[in-house]
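A short worksheet on the structure shown next.
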Amino acid sequence: MRRFRAAVTGAVTLSLAFAATACGGGSATGGGDDSPKTLTYWASNQGASIEVDKKVLQPELDKFEKQTGIKVKLEVVPWSDLLNRILTATTSGQGPDVLNIGNTWSASLQASGALLPWDEKNFDRIGGRDRFVESALGSTGAPGQDPAAVPLYSMAYALYYNKKLFAEAGIAEPPATWDELVTAGKKLTAKGKNGIGVEGSNLSNNIHQVFVLGKQHGADFFTPDGKPDFTSDGAVAAVKQYVDLMAKHKIVAPGNAEYAQNQSLSDFSKGKTGMLLWQTASATFKAQGMKDEDWGVAPAPVQSGEPGTGTATNSMVAGINMGVFKNTDNLDGALKFVNFMTSDAEQKILNKAYGSIPPVKTAQSDPAFGASAVAVLRDTLATSATALPQVPEESQFETVVGTAVKELFADAAAGRAVTEQSVREKLEKAQQQMPKK
């Protein structure tokens, strides 16, 4: 563990005001020039459980220690806590040496001044910027600035469906449009199953879904100069369409309003739910007992036609980046660790384990990432995914608009009407909570 001081901008401070106060780390123990043989690493929960992540990661960390003599102290942090933990660490003076971040948070954390900038010199320490896929680098920080982190796992959203439940409900093909998805969902519910699963209390997932729907309705949630624009007709339509899966169409179980810990994946794996919009879910399905032949994967729906750019966007550019706290007292060890984790060999091992896609070009060419399930995700990233706005206020956007969507799902679950007016009022309230420019 290491200590640092960072000049935190008002953007991140405001985000803390909306986040639950979680501990940002323990006391400083090792990793410094006087003890260069220890690093602390916060990993995000990528697998079916924290224990699964430990089983995936610990052998690789042991391998790194054997190669370098540097021991890595691992903590896998749940998604419900990760952003709060990181933000608290930027102000408390305590945090890890190396950490995983959701790539959508890159610009917000970059604005805090707490993360090491990846300039040409630092990129050279890990083999150069050219090793990484350009779309993945597009979600590493604000345009025109040195990235705040480097890509570790690349992902995209896709529609997963249960083949047996589809056959029983007489659904011949996975839906390609939202109208088709609603129709399929109603056929599934008529057979006593949930049509589609959501994570109504997962703020980040809420944002991912409504951002994509916003693109399909011609809305970006931010103006070109970076100002919040949450109440446009397109933004309102996007949020309402998503919540209406429960409120109007009744193809989402009311209990999903409280889901925030991958419960929708568990329901899918147990045959309770017929469809799921998710990033790289295959490893979780396998861990929860599903066989590969039990499920299928297709591009996420669009309003009409085929996925593409602009209003045919069907995923955000999803992924996990790896950052280093700027004031780590073991910078050399931290850079060696990032170099190890982004090496071709480790990229293949880790991304195969998680069902994600290597953002490193040479690793991505491995035949394992051409399998049908992964190919859908890879093609989506290449042709129809759009990065979330790389603005300093992105983390607040996730918090306030994600909370608005959560509250609307709670209304729907309780039987309260979700109208265009109620959606607009929630989004107006969210916009008022954003910092003024």
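Judged by distance alone, with hydrogens and angles left aside, the side-chain atoms of Arg131 form no donor-acceptor pair with the main-chain N or O of Lys361 at under 3.5 Å. Side-chain atoms of Lys193 come within 3.5 Å of backbone atoms of Gly271 as a donor-acceptor pair (strictly under, hydrogens ignored). Panel note: side chain Gln347, backbone Met341; a donor-acceptor pair is recorded below 3.5 Å. A donor-acceptor pair is defined here as one N or O able to donate and one able to accept, closer than 3.5 Å; no such pair exists between the side chain of Asn194 and the backbone of Ile196. Not a single donor-acceptor pair under 3.5 Å links the side chain of Asp294 to the backbone N or O of Lys164. Gln364 places no side-chain N or O within donor-acceptor distance of the main-chain N or O of Val360, the cut-off being under 3.5 Å. In this structure a side-chain-to-backbone donor-acceptor pair under 3.5 Å is missing from Glu407 to Lys426. Using a distance-only test at 3.5 Å, with no hydrogens or angles considered, no donor-acceptor pair links the side chain of Asn256 to the main chain of Tyr259. Panel note: side chain Thr68, backbone Phe64; a donor-acceptor pair is recorded below 3.5 Å. Without hydrogens or angle criteria, Glu199 side chain to Ser264 main chain gives a donor-acceptor distance under 3.5 Å.
Shown here is Glu173, whose CD atom has no more than 12 heavy atoms of other residues, nucleotides or ligands within 6.0 Å. In Glu258, the CD atom is not crowded: 12 or fewer heavy atoms of neighbouring residues, nucleotides or ligands sit closer than 6.0 Å. The number of heavy-atom neighbours closer than 6.0 Å to CD of Glu306, taken from other residues, nucleotides and ligands shown, is 12 or below. More than 12 non-hydrogen atoms from other residues, nucleotides or ligands lie less than 6.0 angstrom from CD of Gln67. Counting heavy atoms of neighbouring residues, nucleotides and ligands inside a 6.0 Å radius, atom NZ of Lys240 exceeds 12 of them.
The shortest side-chain heavy-atom distance between Gln110 and Leu115 does not fall under the 4.5 Å cut-off. Counting heavy atoms from C-beta outward, Leu427 and Val239 have side chains that approach closer than 4.5 Å. A heavy-atom distance below 4.5 Å is found between the side chains of Arg129 and Pro147. A 4.5 Å side-chain heavy-atom check between Leu276 and Leu159 finds every atom pair outside the cut-off. Looking only at side-chain heavy atoms (C-beta outward), Tyr160 and Met275 stay at 4.5 Å or farther from each other. Between Ile171 and Leu188 the shortest side-chain heavy-atom distance falls below 4.5 Å. Looking at Thr342 and Phe132, their side chains come closer than 4.5 Å, going by heavy atoms from C-beta outward.
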Checklist entry - Can Arg125 and Asp332 be said to form a salt bridge (Lys or Arg N to Asp or Glu O under 4.0 Å), step by step? => result CA-CA 9 Å; Arg125 291 286 301 273; Asp332 182 66; 2.8 Å; yes
Item to check | Check against salt bridge (Lys or Arg N to Asp or Glu O under 4.0 Å), Lys63 and Glu346 | outcome: CA-CA 10 Å; Lys63 189 187 304 181; Glu346 288 304 308; 3.2 Å; yes
Checklist entry - Do Glu293 and Lys163 pass the salt bridge (Lys or Arg N to Asp or Glu O under 4.0 Å) test, and can you show the C-alpha distance, the side-chain angles, and the key distance before you say yes or no? => result CA-CA 8 Å; Glu293 58 266 28; Lys163 292 181 178 179; over 6 Å; no
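Stacking of Arg85 on the aromatic ring of Trp42 is recorded, both the 6.0 Å distance cut-off and the 45° axial limit being met.
Side-chain contact, Asn330 with Asp97: no donor N or O sits under 3.5 Å from an acceptor N or O. Residues Glu394 and Ser108 have side chains that never bring a donor and an acceptor to within less than 3.5 angstrom of each other. Side-chain N/O atoms of Asp229 and Thr223 include no donor and acceptor closer than 3.5 Å. A donor-acceptor contact closer than 3.5 angstrom is absent between the side chains of Asp267 and Gln263. If you check the side chains of Glu398 and Thr104, you find a donor sitting under 3.5 Å from an acceptor. For Gln46 and Gln279, the side-chain atoms include no donor-acceptor pair closer than 3.5 Å. In summary, the side chains of Thr140 and Ser106 do not present any donor paired with an acceptor at a separation below 3.5 Å, with no hydrogens or angles considered. Side chains of Trp79 and Gln261: a donor-acceptor N/O pair is absent below 3.5 angstrom, by distance only. No hydrogens or angles considered: nothing links the side chains of Tyr153 and Asn100 as a donor-acceptor pair under 3.5 Å.
The ring of Trp278 has its center no closer than 6.0 angstrom to the ring center of Tyr157. For an aromatic pair to be called close, the ring centres must be under 6.0 Å apart, and Phe268 with Phe285 satisfies this.
In this structure, CG on Asp53 lies 7.5 Å from OG on Ser44, to the nearest 0.5 angstrom.
Remark: Asp220 engages Lys215 in a salt bridge, criterion side-chain N to carboxylate O under 4.0 Å.
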